[in-house]
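Structure, as structure tokens:
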Amino acid sequence: MAAGRFITLEGGEGAGKSTQARRLAAALARAGQAVLLTREPGGTAGAERLRAVLLEPGPGFVPLAETMLHFAARAEHVARVIRPALAAGMWVICDRFTDSTRAYQGGGQGVEAAVLEALAGLIGLEPELTLLLEASPAVAAERLAKRAGMDRYEALDGDFHARVAAAFRALAEAAPGRIRRVDADGPEDAVAARIADVLAARFAGAFTPG
Ligand code: T5A
């Protein structure tokens, strides 16, 4: 069976990734593709338990421990869900993946790139395409205000989130073939149309926007 496609959505808090991940998965399904929509941290029962531990408000973990917990959840997710789906020829749409660890634990918390890349190497899987959703801070704050409560990362200060955003930009500059920056300001339909353009250009014939 043909190998599937692995696409991730990344970005800071309130960029609208989850909304666009759902819309992209639905558009691909309408176009006749077999699609798996999943997320990190999470995606398996065990990884969802780690997600709850990672996101609960409070002091959290030292950066290295936090990094290893994210990669532990990822190892579980990749082995049990993502690789089997790709082997079955599915399109896997994943809301966050290793670039989030690079940006949050690397850029935000100061974990060395060598450590992150050693752990990423153990996972041994990178997306074929990453959509980096970039919303201006005011727009992101407005979207976050619509939701009840804050997880531990959302509660971190503006400097932390500025370092995360800068790290995402640096990742995109270093891997322009894989990571495509998408303007995430504006209405949902407008952002979905920008994503559709990227997909249509990259995967001609497999994707019909709608
Ligand atoms: N993390 C994660 C790490 O530190 N390291 C890692 O390795 C990984 C994998 C959890 C946290 O974990 C951290 C990063 C995160 O802080 P998460 O659950 O994906 O990850 O956390 P969030 O980024 O907070 O994801 P959310 O799903 O909560 O937010 P999104 O995806 O940015 O936004 P979304 O789509 O849920 O939208 C938020 C609100 O805005 C509205 C939506 O309807 C919703 O109400 N909205 C729009 N409104 C107007 N116009 C648009 N275009 C809109 N798009 C969405």
Side-chain angles (χ1 to χ4, degrees), residues 8-26 37-44 47-48 50-58 60-78 81-82 93-111 113 115-117 119-120 123 125-127 130-158 160-161 163-165 167-168 171 182-196:
T8 57
L9 287 88
E10 297 280 5
E13 312 293 316
K17 298 173 310 305
S18 305
T19 301
Q20 295 300 330
R22 281 193 300 274
R23 290 185 63 134
L24 177 57
L37 173 62
T38 189
R39 69 172 181 183
E40 290 209 344
T44 71
E48 290 289 334
L50 290 173
R51 176 187 179 93
V53 167
L54 280 159
L55 299 194
E56 73 185 356
F61 304 91
V62 296
L64 181 60
E66 191 154 325
T67 298
M68 293 169 90
L69 284 170
H70 276 293
F71 274 107
R74 184 162 301 129
E76 178 78 4
H77 188 205
V78 167
V81 173
I82 296 179
I93 309 301
C94 190
D95 186 352
R96 298 193 181 279
F97 195 66
T98 304
D99 292 319
S100 279
T101 321
R102 294 178 172 120
Y104 281 76
Q105 281 65 55
Q109 296 182 304
V111 174
V115 171
L116 298 171
E117 296 315 318
L119 291 165
I123 298 293
L125 181 69
E126 293 288 346
T130 296
L131 300 159
L132 173 57
L133 270 61
E134 296 181 304
S136 56
V139 167
E142 196 178 305
R143 290 178 190 164
L144 286 175
K146 292 184 197 166
R147 297 185 326 183
M150 275 197 290
D151 69 34
R152 194 161 56 75
Y153 294 101
E154 284 162 6
L156 292 170
D157 65 22
F160 175 88
H161 291 293
R163 291 199 300 278
V164 168
F168 272 130
L171 288 168
V182 176
D183 176 2
D185 285 355
E188 272 185 47
D189 284 353
V191 181
R194 290 171 200 140
I195 289 174

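Whatever order the structure lists them in is the order used to number ligands and atoms, beginning at 1.
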Heavy atom of the protein closest to [atom] (residue, atom name, distance):
atom                    : answer
atom 29 (O) of ligand 1 : Arg147 NH1, 3.3 Å
atom 53 (C) of ligand 1 : Arg143 NE, 3.5 Å
atom 27 (O) of ligand 1 : Ser18 OG, 2.4 Å
atom 34 (P) of ligand 1 : Thr19 OG1, 3.6 Å
atom 30 (P) of ligand 1 : Lys17 NZ, 3.4 Å
atom 7 (O) of ligand 1  : Thr101 OG1, 2.6 Å

Under 30°, 30 to 60°, or over 60°: which ring-plane class applies to His161 and Tyr104, parallel, tilted or perpendicular? perpendicular

Atoms in ligand 1 with a heavy atom of [X] nearer than 4.0 Å:
X     : answer
Pro41 : 2 (C), 8 (C), 9 (C)
Arg51 : 17 (P), 18 (O)
Ala15 : 32 (O)

Rounded to the nearest 0.5 Å, what's the gap from OH on Tyr153 to CG on Leu54? Could you check? 5.0 Å

Can you tell me how far CG of Leu132 sits from CG of Asp99, rounded to the nearest 0.5 angstrom? 8.0 Å

Does [X] reach the side chain of [Y], with side-chain heavy atoms less than 4.5 Å apart?
X      : Y      : result
Leu119 : Val115 : yes
Leu24  : Leu131 : yes
Arg74  : Thr101 : yes

Can you tell me which portion of [X] lies within the under-4.0 Å heavy-atom range of ligand 1? Options are side chain, backbone, both, or neither.
X      : answer
Leu144 : neither
Ala140 : neither
Gln105 : side chain
Lys146 : side chain
Arg39  : neither
Glu66  : neither
Arg96  : side chain
His70  : side chain

Is there at least one pair of N or O atoms, one from [X] and one from ligand 1, spaced under 3.5 Å apart?
X      : answer
Glu40  : no
Gly186 : yes
Glu13  : yes

Would Gln105 and Phe71 count as a side chain to side chain contact (heavy atoms under 4.5 Å, CB included) here? Give the steps. CA-CA 11 Å; Gln105 281 65 55; Phe71 274 107; over 6 Å; no

For atom CD of Glu126, decide whether the heavy atoms of other residues, nucleotides or ligands shown that lie under 6.0 angstrom number more than 12. yes

Test: Glu117 and Arg102 ion pair at under 4.0 Å: yes

Residues Arg194 and Asp185 bridged, charged N to O under 4.0 Å: no

Quick check on Glu142 - does any of its heavy atoms sit under 4.0 Å from an atom of ligand 1? no

Please tell me if atom 44 (C) of ligand 1 is touched by the protein, where touching means a protein heavy-atom distance below 4.0 Å. no

Go through the steps to decide whether Leu9 and Val182 satisfy the test side chain to side chain contact (heavy atoms under 4.5 Å, CB included), and finish with yes or no. CA-CA 10 Å; Leu9 287 88; Val182 176; over 6 Å; no

Begin from the C-alpha positions of Glu40 and Cys94 and carry the test side chain to side chain contact (heavy atoms under 4.5 Å, CB included) through to its verdict. CA-CA 7 Å; Glu40 290 209 344; Cys94 190; 3.9 Å; yes

Would Val78 and Phe97 satisfy side chain to side chain contact (heavy atoms under 4.5 Å, CB included), going step by step from the backbone distance to the final call? CA-CA 10 Å; Val78 167; Phe97 195 66; 3.8 Å; yes

